[in-house]
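Each chain gets a letter, A, B and so on, in the order its sequence line appears, and its residues count up from 1. Computed from a predicted model, the values in this text were never measured in an experiment.
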2 protein chains.
Amino acid sequence: MAPRGETKERILAKALESFSTVGYDGTSLDDLAESLGIRKQTILYHFVSKRGLLNAVLDESVKILTESLEEVLASNDPHRDRIEDLVRSVFRVALEQPLLLGLLREVSRPGSPAAPRLKNQMGPLMERAISWMEGEMEAGRMRKTDAQLVLLSAYSTVVGLATEIEILRTAGVERVLRPSAQRRQELLHFLRTSLTPIE
Amino acid sequence: MAPRGETKERILAKALESFSTVGYDGTSLDDLAESLGIRKQTILYHFVSKRGLLNAVLDESVKILTESLEEVLASNDPHRDRIEDLVRSVFRVALEQPLLLGLLREVSRPGSPAAPRLKNQMGPLMERAISWMEGEMEAGRMRKTDAQLVLLSAYSTVVGLATEIEILRTAGVERVLRPSAQRRQELLHFLRTSLTPIE
DNA sequence: ACCAAGACTTACCAAATGGTAGAAAAATAG
DNA sequence: CTATTTTTCTACCATTTGGTAAGTCTTGGT
């Protein structure tokens, strides 16, 4: 029928959407299939089980995120502001693929079935980021703090911006969603002032 | 049997545990009942439906959190460091009732059935916190930034510390969990350096 | 033309889910 | 002790769930 892997990718896309909004348990294969105009067994054919589908979606998402960050971490150009590059990069992903961060949020819950898989895949990346930060601190280009805490804080903030905004939207004042560019600028400022060493 | 509302509270406690770890959809009333040595219908008797149970658990949790914060926000003592008090207060809750923050995280997902209820309950508190911060900024006691962003960032960080640590535990280096007191100190430092105005 | 492999479907199913109806047991009031 | 109310249980049930088995249809190679 569909000659190429077109169906498979359509399933992956819809699955990402569903997992990241209603969660893993909240996603029914039947509903997913129906929303695709497809029979459930087609899904099971491509991905052996529901768990298999989650794994596939997760793998794809982590890959995108990793590639985006790896690029920044790899460059050694001392003229560029690495922190700014990182924030920009993550923000770009968050804006282009907000569902992707939603999935991360969903899957990084302690009780999630895919939590260990996520650990394995994100582990090396985290390790690199942390050791890079610690290197910067050693060299005096960054104020000495708990690298992991800063990382967790920034990560949580961005994920929060991408997902949890919903709550604040009506909870806070009326107009809440500042242009994301401005938001990014302010997060950047926030991070920089607490990270740049005192001259 | 149990003469007082003892059973009801036992149910609430276990429900909080379950909701905050495996999520709402991941929680089965049968399992919950079994883990309590009770029949499912007893749960349905006290709380009309599963959703009713979630609402009850949520109400209780928000109440605890609100009381803890309200106390700090209310005091007008200019000699005390309000930020420090806030961080301490939230950390105390996070340490004593980590499940409570897990529930918040679960329920604050956009697609959650209890999201609107959470909005309504947390709304006023958020509003107060934000307007307080903006007041501080006006008075020059706090550097001018996006109050909501800072709030979201701090909130996400603490929730992250309470729940998402799991990922970093094995992902990052071996020993990761610094004593929470130290963690709190570093978050405090992190916040203060980016919030105190330049003299 | 034929056949093997891939893609997708229909037909089922056992288990689990949230929920209803009503009986039994326990606590309490008189 | 009896009547009543509160609490808990047994017995069911309709629906949904993820998954299996086996078929049909399509496509591409020879």
Side-chain angles (χ1 to χ4, degrees), chain A residues 1-60 103 106-107 109 111-115 117, chain B residues 1-60 103 106-107 109 111-115 117:
Chain A
M1 306 214 124
R4 286 202 278 223
E6 186 197 315
T7 309
K8 201 167 178 178
E9 303 199 1
R10 280 182 60 225
I11 296 175
L12 277 174
K14 265 272 188 265
L16 170 61
E17 180 183 330
S18 184
F19 285 151
S20 71
T21 51
V22 294
Y24 178 74
D25 289 310
T27 297
S28 134
L29 291 187
D30 280 298
D31 293 353
L32 201 61
E34 193 184 10
S35 77
L36 281 164
I38 264 183
R39 248 40 64 191
K40 164 178 47 171
Q41 282 65 18
T42 306
I43 301 180
L44 272 325
Y45 166 74
H46 287 287
F47 315 88
V48 185
S49 63
K50 190 183 180 184
R51 195 99 161 234
L53 176 60
L54 175 62
N55 285 341
V57 171
L58 182 61
D59 288 357
E60 201 195 19
L103 178 76
E106 161 73 15
V107 142
R109 178 181 55 194
S112 162
R117 197 184 184 89
Chain B
M1 295 203 125
R4 287 205 273 228
E6 186 198 316
T7 310
K8 201 167 177 177
E9 303 199 1
R10 281 181 60 224
I11 296 176
L12 277 174
K14 265 272 190 265
L16 169 61
E17 180 184 331
S18 185
F19 285 151
S20 71
T21 51
V22 296
Y24 178 73
D25 289 310
T27 296
S28 135
L29 291 187
D30 280 299
D31 293 354
L32 201 60
E34 194 185 9
S35 78
L36 282 164
I38 264 183
R39 246 39 64 192
K40 164 178 47 171
Q41 282 65 17
T42 305
I43 300 180
L44 272 324
Y45 166 74
H46 287 286
F47 315 88
V48 185
S49 64
K50 189 184 180 183
R51 195 100 160 232
L53 177 60
L54 175 61
N55 285 341
V57 172
L58 182 60
D59 289 356
E60 200 196 19
L103 179 76
E106 161 73 15
V107 142
R109 179 182 54 194
S112 164
R117 197 184 185 88

Undergrad: Output, in order, the C-alpha distance, side-chain angles, deciding distance and verdict of side chain to side chain contact (heavy atoms under 4.5 Å, CB included) for L12(A) and F47(A).
TA: CA-CA 10 Å; L12(A) 277 174; F47(A) 315 88; 3.8 Å; yes

Undergrad: Ignoring hydrogens and angles, tell me if any N or O in the side chain of E106(B) forms a donor-acceptor pair with the backbone of T21(B) under 3.5 Å.
TA: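 It does not hold such a pair.
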
Undergrad: Counting just side-chain N and O atoms, does T42(A) come under 4.0 Å of either OP1 or OP2 of dA7(C)?
TA: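 For dA7(C), neither OP1 nor OP2 has a side-chain N or O of T42(A) closer than 4.0 Å.
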
Undergrad: Which residue lies toward the 5' end of DNA chain C, K40(A) or I43(A), if each is placed at its nearest nucleotide?
TA: I43(A)

Undergrad: Please state how far atom CG in L32(A) lies from atom P in dG19(D), giving the value in whole angstrom units.
TA: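 Computing the L32(A):CG to dG19(D):P distance gives 13 Å.
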
Undergrad: Restricting to non-hydrogen atoms, name the atom on V22(A) and the atom on D25(B) that form the minimum distance, rounded to 0.1 Å.
TA: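 Heavy-atom minimum between the residues: O-OD2, 4.0 Å.
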
Undergrad: Output the rounded distance in Å from CG (D25(B)) to P (dA16(C)).
TA: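 Whole-Å distance recorded here is 18 Å.
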
Undergrad: Distance-only check: which donor-acceptor pairs under 3.5 Å involve side-chain atoms of residues 53-60 of chain B, not counting sequence neighbours?
TA:
| unit_1 | atom_1 | unit_2 | atom_2 | d |
| --- | --- | --- | --- | --- |
| D59(B) | OD1 | R117(B) | NE | 3.0 |
| D59(B) | OD1 | Q121(B) | NE2 | 2.7 |
| D59(B) | OD2 | R117(B) | NH2 | 2.9 |

Undergrad: Using whole Å, what does the distance between atom P of nucleotide dT7(D) and atom CZ of R10(B) come to?
TA: 15 Å

Undergrad: Can you tell me if the side-chain N/O atoms of S28(A) get under 4.0 Å from OP1 or OP2 in dT16(D)?
TA: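 For S28(A), the contact criterion (side-chain N or O under 4.0 Å from OP1 or OP2 of dT16(D)) is not met.
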
Undergrad: Expressed as a whole number of angstroms, how long is the span from L36(B):CG to dC9(D):C1'?
TA: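 L36(B) atom CG is separated from dC9(D) atom C1' by 15 Å.
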
Undergrad: Does the side chain of Y45(B) get closer than 4.0 angstrom to OP1 or OP2 of dT8(D) through an N or O atom?
TA: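 No, outside the criterion.
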
Undergrad: Roughly how many Å is it from CG in L29(A) to P in dG18(D), rounded to a whole number?
TA: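 Distance, rounded to whole Å: 4 Å.
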
Undergrad: Atom CG of L44(A) to atom P of dA7(C): distance rounded to whole Å?
TA: 15 Å

Undergrad: Measure CG/D30(A) against C1'/dT10(C) and give the value in whole Å, please.
TA: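 The answer, rounded to whole Å, is 13 Å.
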
Undergrad: Output the rounded distance in Å from CZ (R39(B)) to P (dG19(C)).
TA: 19 Å

Undergrad: A cation-pi test, strictly: NZ or CZ of K14(B) under 6.0 Å from the centre of the six-membered ring of F19(B) and no more than 45 degrees from its axis. Yes or no?
TA: no

Undergrad: Would you verify whether the NZ or CZ of K40(A) falls within 45 degrees of the ring axis of Y45(A) while also being under 6.0 Å from that six-membered ring's centre?
TA: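 Relative to the ring axis of Y45(A), which defines the angle, K40(A) lies outside at least one limit.
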
Undergrad: How do D31(A) and I38(B) order along DNA chain D: which one's closest nucleotide is nearer the 5' end?
TA: I38(B)

Undergrad: Where along residues 46-58 of chain B does a heavy atom come under 4.0 Å from DNA chain D, residue by residue in number order?
TA: H46(B)

Undergrad: R39(B) side chain to A33(B) main-chain N or O, any donor-acceptor pair under 3.5 Å?
TA: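 Here the side-chain-to-backbone pair does not exist.
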
Undergrad: Any side-chain N or O of T7(B) below 4.0 angstrom from OP1/OP2 of dT7(D)?
TA: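 Answer is no, no contact under 4.0 Å.
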
